[in-house]
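Okay, structure first, notes after.
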Amino acid sequence: MTTGISEPRSYGGWRRSRSMGIGSLDSRQSIVVLSATMLPLLAGTLFGIQYAAYLLAPAAVTASLAVARRDGVLLVHLAYAWALWRWAHWRTHTTYLGQVFTPWPHTFDMPGLLAPTRLLDVAEPGRDRVGVVHNRRTGQLSATVLLSPAGALLADADTIDRQVAGWGHLLAGLANDTTIRHAAVTIELTPEPGTQLADHLTHRTDPAAPQLARQVMGELLAMAPRASTNLRARLTLTCDPSTGASRARTIPHAIAELLRSLNGLPLAAAGAQILRRASATDLIRIVRTAYDPDSAAITDGWETLRWSDAGPIHTREGFETYRHDRALSASWSLLEAPRQRVSHDVLLPLLSPGRHRRRLTLTYRTLPREVAAQMLERELTAAAAREEYRRRTHRDPRARDRADADRAARVAAEEAHGAALVLWTLYVTVTVTHVDQLAEARREIEQAAGHARLKLRPAYGGQAAAFAAGLPCGVYPGDR
């Protein structure tokens, strides 16, 4: 009798969007390189070789900036981000002084992208109250559900496969709801001294309990790790009432539609247990502790705070860091996902306990069926154009180009058979309380990302936006 051992299930199917261009260049790079090449030639033809010589050096520098990279980011994009950040810094837009330090009528505004938001405390008949964040600039509404993720370390392969498939079905269902703008899943890891278990047992141990029971609990306490990490998970759903077949005419109607979608999410099938829908007090506490980690130790009085109290007193956005109250944060965004298929626990290194406060956010933007079909058609056309360019220039295709073309064709075929298309990315934020800890915290994140086979890049010039993307406020940096 023989026993067969099944291979571990792997997952993939994602690819980075690529526009039409020359070789491995995208459309913008191709235009810049062609312009830098043709301009000196055109000047030499029309005005003489002397004018072409004048333009040769600037054209070479421009072409180099269009193809050279730093940390995986094009130098021209990096220079553009730096110029925008310097302009905002010169106009003091990178500094925020809240509440009494801000002139009326912006006294109680939140910082940056959160300035147009307000918090609504909504009562739903027969259920607990829920907090909804309303963005008055875009009209979007966001609600959050607090989760308790089920551990997969002891789960069998079939259970894991069903949970991954359940998450895929959940995202496909969001694509069918035209009012849903985007969703975000956030995992927060907060280091703790490890005294919670001891305090819990001390207050709950009965002196009259049997000696054996008290001895067992004492041994378990002695074997428990001295340091622990508090893990919190949540999902934020954002809708746009102005879209969809039945457009909501009023804010209450839009909130009712949002809560209907939130309550109907099949999160249990995806391996997550719903604790409750986040109330207004929950949202205030999450945002406040993100800006001021020391406030997490406060246990009473959160019910009396307003939305303006959740924000910081002072923030200062640097090009690579973000200072808020008594803490300092650095954020990264996803540059490249693993090109190979991965196992279900690929993000485990980033979700493992560390020495510093960490927040990981996965954002998903589901596309309507017709928009998805058009986007994939453009991707296939761009891949075919690159292949035709290589054929005419007698260049052999690279292995990466062949693999990318295969993935584009496979994704288009899956969409044609009814699969949904989702744009996703990842943001990671680490927070420290002293500037001397920042270098160590950065190394910790970069090493964890390497073990997870992810390429992250610092959010140059966008630290405040990347920080806000991890808050339950419906901020999606991809929106304009």
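Residue numbers count from 1 along this sequence. Just so we're clear, the structure is a prediction, and the values are computed from it rather than from any experiment.
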Is the closest side-chain heavy-atom distance between [X] and [Y] below 4.5 Å?
X      : Y      : answer
Leu78  : Tyr460 : yes
Leu423 : Leu367 : yes
Asp436 : Leu438 : no
Thr321 : Gln463 : no
Ser142 : Val132 : no
Asp292 : Arg326 : yes
Tyr11  : Ser343 : no
Asn263 : Arg127 : yes

Salt bridge between Glu336 and Arg457, side-chain N to carboxylate O under 4.0 Å?
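Result for this pair is no, no salt bridge flagged.
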Taking only residues two or more places apart in sequence, or in another chain, which ones meet [X] in a side-chain contact (heavy atoms from CB on, under 4.5 Å)?
X      : answer
Thr186 : Glu188, Arg234, Arg359, Thr361
Thr95  : His314, Arg316
Ala269 : none

Got more than 12 heavy atoms from elsewhere within 6.0 Å of [atom1], [X]?
X      : atom1 : answer
Arg453 : CZ    : yes
His93  : NE2   : yes
Trp82  : CH2   : no
Arg355 : CZ    : no

Report the C-alpha distance between Leu237 and Leu265 in whole Å, list the side-chain angles of each, state the deciding distance to 0.1 Å, and finish with yes or no for side chain to side chain contact (heavy atoms under 4.5 Å, CB included).
CA-CA 10 Å; Leu237 200 62; Leu265 292 178; 4.3 Å; yes
Within the 3.5 Å criterion, strictly below it, is a donor on Arg341 or Ser10 matched to an acceptor on the partner's side chain?
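Result is yes, a qualifying pair exists.
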Give a yes-or-no answer on whether the side chains of Thr363 and Thr425 include a donor-acceptor pair shorter than 3.5 Å.
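No - no donor-acceptor pair under 3.5 Å links their side chains.
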Residues in side-chain hydrogen bond (donor to acceptor under 3.5 Å, both in side chains) contact with Asp325, at least two apart in sequence or another chain
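Per chain and number, Asp325 pairs via side-chain hydrogen bond (donor to acceptor under 3.5 Å, both in side chains) with Arg288.
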Applying side-chain hydrogen bond (donor to acceptor under 3.5 Å, both in side chains), name anything that partners Ser352, two or more places apart in sequence or on another chain.
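Ser352: no side-chain hydrogen bond (donor to acceptor under 3.5 Å, both in side chains) contacts found.
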Not counting sequence neighbours, list each pair that qualifies as a salt bridge (charged side-chain N to carboxylate O under 4.0 Å, His left out) and has a residue in residues 461-474.
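Qualifying pairs: none.
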Restricting to pairs with a member in residues 168-182, which pass salt bridge (charged side-chain N to carboxylate O under 4.0 Å, His left out), not counting sequence neighbours?
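Found Asp177-Arg260, Arg181-Asp479.
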Distance check, rounded to the nearest 0.5 Å: Thr431 atom OG1 versus Gln437 atom CD?
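If I round to the nearest 0.5 Å, the distance is 11.0 Å.
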Thr179 side, atom OG1; Glu257 side, atom CD - distance, nearest 0.5 Å:
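Rounded to the nearest 0.5 Å, the OG1-CD separation comes out at 6.5 Å.
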Report the residues that fulfil ring pair (Phe, Tyr, Trp, His ring centres under 6.0 Å) with [X], sequence neighbours left out, ordered by chain and then residue number.
X      : value
His89  : Trp85
Trp302 : none
Phe467 : Tyr291, Tyr322, His324

Shortest non-hydrogen contact between Ala337 and Leu454, atoms and distance
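For Ala337 versus Leu454, the nearest heavy atoms are CA-CD2, 4.3 Å.
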Quick one: side chains of residues 116-124, donor-acceptor pairs under 3.5 Å with protein atoms, not counting sequence neighbours, listed by atom name and distance.
| unit_1 | atom_1 | unit_2 | atom_2 | d |
| --- | --- | --- | --- | --- |
| Thr117 | OG1 | Leu114 | O | 2.5 |
| Thr117 | OG1 | Trp307 | NE1 | 3.3 |
| Arg118 | NE | His134 | ND1 | 2.9 |
| Arg118 | NH2 | His134 | ND1 | 3.2 |
| Asp121 | OD1 | Arg129 | NE | 3.3 |
| Asp121 | OD2 | Arg129 | NE | 3.3 |
| Glu124 | OE1 | Arg277 | NH1 | 2.4 |
| Glu124 | OE1 | Arg277 | NH2 | 3.0 |

Applying salt bridge (charged side-chain N to carboxylate O under 4.0 Å, His left out) to Arg276 and not counting sequence neighbours gives Asp282
Candidate pair Arg442 and His356, rule side chain to side chain contact (heavy atoms under 4.5 Å, CB included), full reasoning:
CA-CA 10 Å; Arg442 279 176 167 165; His356 305 283; over 6 Å; no
Start with the C-alpha distance between Val342 and Trp14, add both sets of side-chain angles, then the distance that settles side chain to side chain contact (heavy atoms under 4.5 Å, CB included), and finish with yes or no.
CA-CA 11 Å; Val342 299; Trp14 49 76; 3.5 Å; yes
